[in-house]
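Data block below; observations after.
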Amino acid sequence: MSTSHPVPDEGPIYDPTALELKWQRRWQERRTNEPDLQAATSPFYQLMMFPYPSAEGLHVGNVFAFAGADIHGRFQRLQGNSVFEPMGFDAFGIHSENYALKVGGHPMRLIPQNIGNFRRQLRRVGLMVDWKHELSTTDAKYYKWTQWIFLQLFKKGLAYKKKAAVNWCPNDKTVLANEQVENGLCERCGARVEQRFLEQWFFRITDYAERLLHNLEWIDWSESTKSAQRNWIGRSEGAEISFAIAGNDGPPLVVFTTRPDTIFGATYLVLAPEHPQVAAITTAGQSAEIEAYRVRTAKQDVVSRKMGESAKKTGAFTGSYATNPATGERIPIWVADYVLMEYGTGAIMAVPGHDERDFAFAQGYELPIIRVVAPDDSNANAPLAEAYTGDGRLVNSGMFEGVPATEAKSRVTEWMVGLSAAKPVVNFRLHDWTISRQRYWGPPIPIIYCDDCGAQPVPEDQLPVILPEIEDFRPDDTGISPLARHEEWYRVPCPKCGKLARRETDVSDTFLDSAWYFLRYPSSDFDSVPFDQTITRKWLPVNSYIGGNEHAVLHLLYSRFITMVLHDMGHLTFEEPYTRFRAHGLIIRDGAKMSKSKGNVVNPDEFIERWGADTFRTYLMFLGPFEEGGDFRDAGISGVRRFLDRLWKSAHDAHTDGEPDLAVMRKLQQTIRKVGEDTAKLSYNTAIAAMMEYMNVLRASERDAHRAEVEPLVQLVAPFAPHIAEELWELFGHEGGVFESRWPKYDPALVTVDEIELVVQVNGKVRGKVQAARDITQERAMSLARGDAGISRFITGEPKKIIFVPGRLLNIVV
RNA sequence: GCCCGAGUGGCGGAAUUGGUAGACGCGCUGCACUCAAAAUGCAGUGGCUUUCGGGCCAUGCGGGUUCGAGUCCCGCCUUGGGCACCA
């Protein structure tokens, strides 16, 4: 196959479309992308976040993410690993359901169409995906095990039911997610959103908060993602303090505070309107006002209730008083919607002097404001113009006068613990995970309600609970799931006593589907277990996971939680699912995120058709740092194509006469090292630049390359542009594909150059460069510098100081 | 408001982590090839200035540390993303 000399000028034309289809077909025939999961000796699990198969098809953002992950997977393969790179579809959920309603179709028929389209597009990108292990969360074979996972949590007491506030759109007759509410209006229809209380299933993720937080210290993840999780979990230390209610023998009011040191400044208490003790506390005279206030806040949607920053704080007085355990003073008890039932105890001690919200509220209702913390230099009794949240010493605080606030936190808590008025507690911002969805398109929650036996789990051997195909899956005004209207499905015998009972009609959240999919891929051909123990031990945890930071909290946190639970139940040997996670950046266009409303969406099909998948993949990676994303501009793609054209030509024109050029071979060694290092750390843009640079050397002055100069470059380019690499590898006469080969080794002796350009500065300014040996001494360098006319003219006096960085720089200070 | 991140030529972006700022690519200019154009190849390309040797200015703005700062420190400005009454 080696080319004879002289080379004919006209070689075959680089036709990416034909060539790419040829290799995609051949990979399929040869099962190139299907590692032997049982026998693999050096398994490497390269995971990418599976897509939601929308009707619009694959998005450039998807291609960017998948190509980036694929390049890493292919690189690992060239390092000699057996790489498993699976793909699947996250196809349940409200998006699919709403889309089906909109076009008047049924998700059971629409989803397969969308998946088919996605699969076709994904194949065209040339990913190293093992399609034998493809999965869809909507497949009963898959969601059988999603339901199984629900049952495991139920068994362990981690799944429970309680009433919770949800956003309800009266027009669409449905529960909305927080992100579907904009300024209190439904994102889709514009109707005013209400708050409703519905019975919902929850997972007790808060039981795992401490562990989820703690493991972040050691897992190898992008810092930005870890920090997002830390903030989301939101651990805060403080105390619960009990306030006795004056003239009321009932239980005391318990508040949570992170500032027990400010207790002497607590001039009133505030309860959330939904707080269970509100009714008991309210006096007869105030009950009408309190009731009116509660009705008013209940009408608000959940989101705008929490968005009150700019809005005026409102509230109502209960008529009752509590006793401040520190001062013994009577302080009024109020109800206000700025206190949330979900956080802490749903009640706070208000310290208006040192909390902005309390300050605003106290001003509005003319409640007393007392300063109890003062910076060292200020007057303790000067009136406050705004809440002081800074550091300082306690004032107006009885026996704690003058104690630094930071120190006072624990001292005041200890003192009150002694009075049985407080206990130290840790609180988390993280809430339990709402699993229920009052919708149709999801896996039914496997629970049966019996009048005698209560909520019973569906026995595991009766899974899956099949989602029935019903034509009328439109949600209605009742807030009850559409499945409840399907009588023959809804009525079932109780698994315990056999009496007629009713199925749970809620389906589960899509985040549950995706919380465990990585466990299923390697075991997708096992029907009797969710994941096979031997295979799982071999392939998991995932070696490399790449995905977007839009899933930094929910998906990644939920899948960590589910993994921990399964670990604790003995189903898994590890408790963290992803050894290494890297967040990729966002592809933008014209300075903005691509979106239909902005009209700046790029259709990947057109680009692949015009330029080829290899060029498109490589171009996307060349836009900018993979972990930061980049700006997509049509213009730049021609440069990448030109690079591949030149590679094509170089390979076809390569000769085998004589020896390769030493200078070129040196550059090649440096390139092998650079591309290897950069690709490993996902610095794809600089890896590509290094290959282009080498190409410029290779073809400088229209020289024809020696085959030994080109062949390794074909391997370097293979992760980025796998099709052309295969074709050229075959051209060079190799029997197996390029991905059967090993990443080229570089010769360390050739990487380092002996002759260097030593930079000479005078007073920190570059004044010249001298050719010198790499290991030149300072003395020798000085005399070279003095001998250089361009440099010596700046050396106006005796050197005061000489800085010499061996092999790099000489700086003469005069 | 809070938490992350980013500001470098006409443009996308490099810079061994304190040591030649602008790699690589796009665009632009010139030349070669061509009847011509496209494609391709070669050369040039931060700004100002120059007696053509060079000189000065330049990494969002203002200070500082250092022989030396895009990189470190202090104070601002702009911008992208995420979260949001979390007590």
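Naming: A, B, ... by sequence-line order, numbering from 1 per chain. As a basis for the values below, the full set of heavy atoms in this structure was taken, side chains included, without hydrogen atoms, waters or symmetry mates. Because the structure is a prediction, the values reported are computed rather than measured.
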If pairing requires Watson-Crick or G-U wobble contacts with both distances under 3.5 Å, which nucleotide is the partner of [N]?
N: B/G70; value: none
N: B/C56; value: B/G47
N: B/C42; value: B/G30
N: B/G75; value: B/C61
N: B/U20; value: none
N: B/C2; value: B/G82
N: B/C11; value: B/G25

Apply side chain to side chain donor-acceptor pair (under 3.5 Å) to [X] and list each qualifying residue two or more places apart in sequence or on a separate chain.
X: A/Asn62; value: none
X: A/Ser222; value: none
X: A/Arg294; value: none

Residue mapping more 5' on RNA chain B - nearest nucleotide basis, A/Glu223 or A/Val759: A/Glu223

5'-most contact on RNA chain B (nearest-nucleotide basis), A/Gly346 vs A/Leu586, goes to A/Leu586

Suppose you measure atom [atom1] in [N] against the same atom in [M]; what distance do you get, rounded to whole Å?
N: B/U66; M: B/C73; atom1: P; answer: 16 Å
N: B/G1; M: B/A69; atom1: C1'; answer: 33 Å
N: B/C57; M: B/A21; atom1: C1'; answer: 14 Å
N: B/G54; M: B/G75; atom1: C1'; answer: 39 Å
N: B/C76; M: B/A84; atom1: C1'; answer: 26 Å

Atom-pair distance ([atom1] on [X]; [atom2] on [N]), nearest Å:
X: A/Arg235; N: B/C2; atom1: CZ; atom2: P; answer: 23 Å
X: A/Arg429; N: B/C2; atom1: CZ; atom2: C1'; answer: 11 Å
X: A/Leu213; N: B/C3; atom1: CG; atom2: C1'; answer: 15 Å
X: A/Ile588; N: B/U79; atom1: CD1; atom2: C1'; answer: 11 Å
X: A/Tyr268; N: B/A87; atom1: OH; atom2: P; answer: 16 Å
X: A/Lys681; N: B/U16; atom1: NZ; atom2: C1'; answer: 9 Å
X: A/Ile233; N: B/C86; atom1: CD1; atom2: C1'; answer: 15 Å
X: A/Arg259; N: B/C86; atom1: CZ; atom2: P; answer: 14 Å

Using a 4.0 Å heavy-atom cut-off across all strands, classify A/Val766 as base, sugar-phosphate, or nothing. sugar-phosphate

[X]: partners by salt bridge (Lys or Arg N to Asp or Glu O under 4.0 Å), with sequence neighbours left out:
X: A/Asp432; result: none
X: A/Arg641; result: A/Asp645
X: A/Lys409; result: none
X: A/Glu550; result: none

Across all chains, not counting sequence neighbours, the side-chain contact (heavy atoms from CB on, under 4.5 Å) partners of A/Ala687 are A/Val675, A/Asp678, A/Thr679, A/Phe720

Between A/Trp334 and A/Phe361, does the ring centre distance come in under 6.0 Å? yes

Please work out whether the ring planes of A/Trp221 and A/Phe581 are parallel, tilted or perpendicular, with thresholds of 30° and 60°. tilted

Geometric class of the A/Phe626/A/His584 ring pair [parallel <30°, tilted 30-60°, perpendicular >60°]: tilted

Without placing hydrogens or testing angles, list every side-chain donor-acceptor pair under 3.5 Å for residues 259-272 of chain A, not counting sequence neighbours.
{"residue": "A/Arg259", "atom": "NE", "partner": "A/Asp261", "partner atom": "OD1", "Å": "3.2"}
{"residue": "A/Arg259", "atom": "NE", "partner": "A/Asp261", "partner atom": "OD2", "Å": "3.3"}
{"residue": "A/Arg259", "atom": "NH2", "partner": "A/Asp261", "partner atom": "OD2", "Å": "3.0"}
{"residue": "A/Thr262", "atom": "OG1", "partner": "A/Arg259", "partner atom": "O", "Å": "2.7"}
{"residue": "A/Thr267", "atom": "OG1", "partner": "A/Pro368", "partner atom": "O", "Å": "2.8"}
{"residue": "A/Tyr268", "atom": "OH", "partner": "A/Asp358", "partner atom": "O", "Å": "3.0"}

For [N], does the O4'-C1'-N9-C4 or O4'-C1'-N1-C2 angle fall within 90° of 0, making it syn, or is it anti?
N: B/G53; value: syn
N: B/U34; value: anti
N: B/G9; value: syn

Assign a letter to each nucleotide of nucleotides 64-69 of chain B from its 5' end: B, base within under 4.0 Å of a protein heavy atom; S, sugar-phosphate only; -, no contact. ---B--

Using a cut-off of 4.0 Å between protein heavy atoms and nucleotide atoms, how would you tag nucleotides 23-31 of chain B 5' to 3' with B, S and -? BBBSS----

Of B/G55, B/C4, B/A87, the nucleotide closest to the side chain of A/Arg767 is B/G55

Kindly say whether, by distance alone, the side chain of A/Arg808 makes a donor-acceptor pair under 3.5 Å with the base of B/U16? yes

Between A/Asn231 and A/Arg429, a side-chain donor and acceptor under 3.5 Å: no

Looking at A/Asp220 and A/Lys226, is any side-chain nitrogen of the basic one under 4.0 Å from a carboxylate oxygen of the acidic one? no

Can you check nucleotides 50-53 of chain B for protein contacts, nitrogen or oxygen pairs under 3.5 Å, and list what you find?
none

